[in-house]
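Have a look at the structure below before the remarks.
These numbers come from the heavy atoms of this one structure, side chains and all, not from hydrogens, waters or symmetry mates. All residue numbers refer to positions in the sequence shown, counting from 1.
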Amino acid sequence: MKVIIESPRSPDDRRPANGESAAGQPADGSRDGESFDGWGFDGWSFDEHDRALDRLAARENFPVATRLLPARHRAGLRAVYGFARLVDDVGDAAPREQRAKLLGLVDDDLDRVFAGRTPNLPQLRRLAPAVHAHRLPEEPFRDLVRANRRDQAVHRYATFAELTEYCALSAAPVGRIVLHLFRAHGERLVAASDDVCTALQIIEHCQDAGEDYRAGRIYLPGEDLRRFGCAEDDLARPVTPTRLRGVLALEAGRARDLLDGGAAPLLAGLPGWARVAVAGYVAGGRAALTALERGRYDVLARRLRPRRATLLTGWARALGTERTERGRR
C-alpha cells in the first residue's frame, strides 16, 4: 500500500529544488556520480551498523524486542529501533564533518519510504514494511533526525525545561511510534508515553555523562551544575566528585517522577502485547535508576548499568501492578 504523508519542515530542513538533497547529494542517494552501495563517507558504513544491531540492542537498559512477543510485533519494534539507533549513532559516532551529509541520506530515504518507493539504506528497507502495514506517521521519524541535527549545534542546556524540550524531539517520538505499532495511540496514552520516554532519556544522560562530555556535550542542566558548585571539567575526573553526584541524583529523581507518573496510566491503558513490551521498557528504566543509586552515582569511575535480575523482577512487578490498577477501574 502506498502511503504518502506530507510533513511541514522548517526552513533549515527544506531541500533545494534542483534535485539535490539538503546534504548536497543527488536525490537518489548517490555521490559523485556513483551508485549508492550502503556505505557512508570516509569509511562510515550503514551496512556495518546494520549488522551490529543485535549487539547494540543488547547494551540498552531495556529489552528492545523481547522474545515473549509474537514475531510480527518483534519485527516492527526491531525495525523502529534500528532506525532510531542509526540516526543516533550517525549524530554521535560518524566523522563529525560528515554527519550532516549522512543525516541527509537518512532524510532522503524517509522521503522514499513515505512516497512508497524503495529506500537505499538497509535500516530503512527494514522499516518500510512496518510503516506501511501500521500506517506509522512520518513526523516522529523526522523529529528524531531533527534531534540529531540539533546535537551538531547545541552542546549545552541551561535549564531542565530546555532539556525536556530536547527530549520531545530525541525520545518522545520513539514512544509515539511504538504506540502506533500497537494501534494504541489515544491522546492520554501519548501524553503518558512522552513522560516515560523523557524519563528514559534523562536516565541515559545521567549514565553517560562522562562519555557525553568527552564528545563535547553536557546534557546536565547548567543551572543545576552551578547550584551544586560544579565546574564542567568535573565531568573529566576519574571519580565522580560529591558535588556532581548531587546533580546526578537530582536529575535521576526528576526522571523517576516522570517515569512513575507516566507508567501508571500508560500501562493501565495498554492492551495485551503492548502492555508486555512497554512494561519491559519501564522496568529497564527503573532498574537503571536502581543501578545509579546502588553505585552512588559514580558514573565516571565505572558503567552503572541495570542488573538482569532487577529488570526481570521489575518487569513482573510492573505487569502485576498494572493488573491491579485495571481491576480498580
Side-chain angles (χ1 to χ4, degrees), residues 3 5-10 12-13 53 56-57 60-62 64-65 73 76-92 99 102-104 106-111 113-114 119 121 123-124 126-128 130-154 157 161-205 219 255 258-259 262-263 266 270 274 277-278 281-282 284-285:
V3 179
I5 304 176
E6 293 298 331
S7 171
R9 296 180 184 167
S10 69
D12 291 340
D13 292 327
L53 186 62
L56 295 170
E60 301 291 346
N61 287 328
F62 48 80
V64 169
H73 292 315
L77 290 170
R78 192 172 184 273
V80 170
Y81 173 76
F83 175 85
R85 185 75 267 165
L86 168 69
V87 174
D88 199 42
D89 287 346
V90 166
D92 288 345
R99 292 175 187 174
L102 293 168
L103 289 171
V106 175
D107 252 336
D108 291 343
D109 248 11
L110 280 175
D111 286 347
V113 168
F114 285 95
L121 307 179
Q123 295 85 352
L124 276 292
R126 185 184 298 112
L127 179 66
V131 167
H132 302 321
H134 299 278
R135 300 187 180 186
L136 301 180
E138 180 178 2
E139 193 67 12
F141 295 100
R142 298 292 185 186
D143 282 343
L144 292 174
V145 177
R146 292 184 186 111
N148 280 274
R149 290 191 187 280
R150 178 180 293 190
D151 275 338
Q152 309 315 308
V154 180
Y157 291 87
E162 285 187 6
L163 179 60
T164 56
E165 189 266 337
Y166 164 74
C167 292
L169 287 179
S170 66
V174 178
R176 294 182 178 214
I177 295 168
V178 169
L179 291 180
H180 275 274
L181 274 174
F182 287 105
R183 301 183 182 181
H185 46 85
E187 185 175 344
R188 291 183 62 187
L189 292 180
V190 168
S193 172
D194 286 354
D195 283 347
V196 167
C197 290
T198 297
L200 295 178
Q201 180 77 84
I202 292 168
I203 292 166
E204 288 192 8
H205 288 327
Y219 292 102
L258 283 168
L259 184 61
L266 184 58
L270 286 175
V278 173
Y281 306 151
V282 170

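- When side chains are defined from C-beta on, His134 counts as touching Arg183, because their heavy atoms get closer than 4.5 Å.
- Here the rule is side chain to side chain contact (heavy atoms under 4.5 Å, CB included) with Pro119, and of Val106, Leu110, Val113 only Val113 fits it.
- Leu181 and Ala130 get closest at one heavy-atom pair: CD2-CB, 4.4 Å.
- Between Tyr219 and Tyr157, the angle of the ring planes stays under 30°, which puts this pair in the parallel group of the 30/60° scheme.
- Put simply, the side chain of Glu204 never gets that close to the backbone of Leu200: no donor and acceptor are under 3.5 Å apart.
- Put simply, the side chain of Arg146 reaches to within 4.5 Å of the side chain of Asp143, judged on heavy atoms.
- Using a 4.5 Å cut-off on side-chain heavy atoms (C-beta onward), Leu266 and Asp195 make no contact.
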Sequence neighbours excluded and cut-off under 3.5 Å, please list the side-chain donor-acceptor pairs for residues 76-84, or say none.
unit_1	atom_1	unit_2	atom_2	d
Arg78	NE	Asp54	OD1	3.2
Arg78	NH2	Asp54	OD1	2.8
Tyr81	OH	Leu56	O	3.2
Tyr81	OH	Ala57	N	3.4
Tyr81	OH	Glu60	OE2	2.7

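- Closest of all the heavy-atom pairs between Ile177 and Pro140 is CG1-CB, 3.5 Å.
- Counting heavy atoms from C-beta on, the side chains of Ile202 and Leu258 come closer than 4.5 Å.
- Between Leu124 and Leu127, the closest side-chain pair of non-hydrogen atoms falls below 4.5 Å.
- Residue Cys197 holds its SG atom at 8.0 Å from CG of Leu179, rounded to the nearest 0.5 Å.
- Across all non-hydrogen atoms, the minimal contact from Ala277 to Phe182 is CB-CZ, 4.0 Å.
- Using a distance-only test at 3.5 Å, with no hydrogens or angles considered, a donor-acceptor pair links the side chain of Asp109 to the main chain of Leu121.
- The closest side-chain heavy-atom distance from Leu144 to Asp88 is not below 4.5 Å.
- In this structure, Arg99 does not pair ionically with Asp92, as no charged nitrogen and carboxylate oxygen lie closer than 4.0 Å.
- Checked by atom type and distance alone, the side chain of Arg149 never pairs as donor or acceptor with a backbone atom of Gly91 at under 3.5 Å.
- Pairs engaging residues 163-176 under the side-chain hydrogen bond (donor to acceptor under 3.5 Å, both in side chains) rule: Arg150-Glu165, Asp151-Tyr166, Ser170-Gln201, Arg176-Asp194 [sequence neighbours left out].
- Inter-residue side-chain proximity for His205 and Leu163 is flagged as met; some heavy-atom pair is nearer than 4.5 Å.
- Of all heavy-atom pairs spanning Ala255 and Ala199, the tightest one is O-CB, 3.2 Å.
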